[in-house]
Amino acid sequence: TAIEFSRVIQSEGGSMSDEVVNAYRRMFQREPNATELELARQVVKEHGLPTLARVLFNSNEFLMLP
């Protein structure tokens, strides 16, 4: 949630791929598949890590169905 969001956007100085994998681990408790990794790297390259954090936070993996 908010704490995880702030942890995701704090760069740890690793490679872009490491930051993306770290974001997926923190947000979803899993690693991204190859397609997710590539698309997420594009988002970070074009818009930065905070945008990726917002994208992940707004994904349907947080959607709860009754």
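Because the structure is a prediction, the values reported are computed rather than measured.
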Any donor-acceptor pair under 3.5 Å linking the side chain of Asn58 with the backbone of Arg54?
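Judged by distance alone, yes, a pair lies under 3.5 Å.
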Is there a donor-acceptor pair under 3.5 Å between the side chain of Gln29 and the backbone N or O of Arg25?
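Yes, the answer is positive, given that a donor and an acceptor are paired below the 3.5 Å cut-off.
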Distance-minimising heavy-atom pair for Arg41 and Met16
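Taking every non-hydrogen atom into account, O-SD, 3.2 Å.
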Separation between [atom1] of [X] and [atom2] of [Y], rounded to the nearest 0.5 Å:
X: Asn22; Y: Ser17; atom1: CG; atom2: OG; answer: 12.0 Å
X: Glu46; Y: Thr51; atom1: CD; atom2: OG1; answer: 10.5 Å
X: Tyr24; Y: Leu56; atom1: OH; atom2: CG; answer: 5.0 Å
X: Met27; Y: Leu52; atom1: CE; atom2: CG; answer: 8.5 Å

Should the pair Glu61-Arg30 be classified as a salt bridge under the 4.0 Å nitrogen-to-oxygen rule?
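Yes, Glu61 and Arg30 are salt-bridged.
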Sort out for me which residue in Val20, Val21, Leu37 forms a side chain to side chain contact (heavy atoms under 4.5 Å, CB included) with Glu31.
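Single pass found, and it is Val21.
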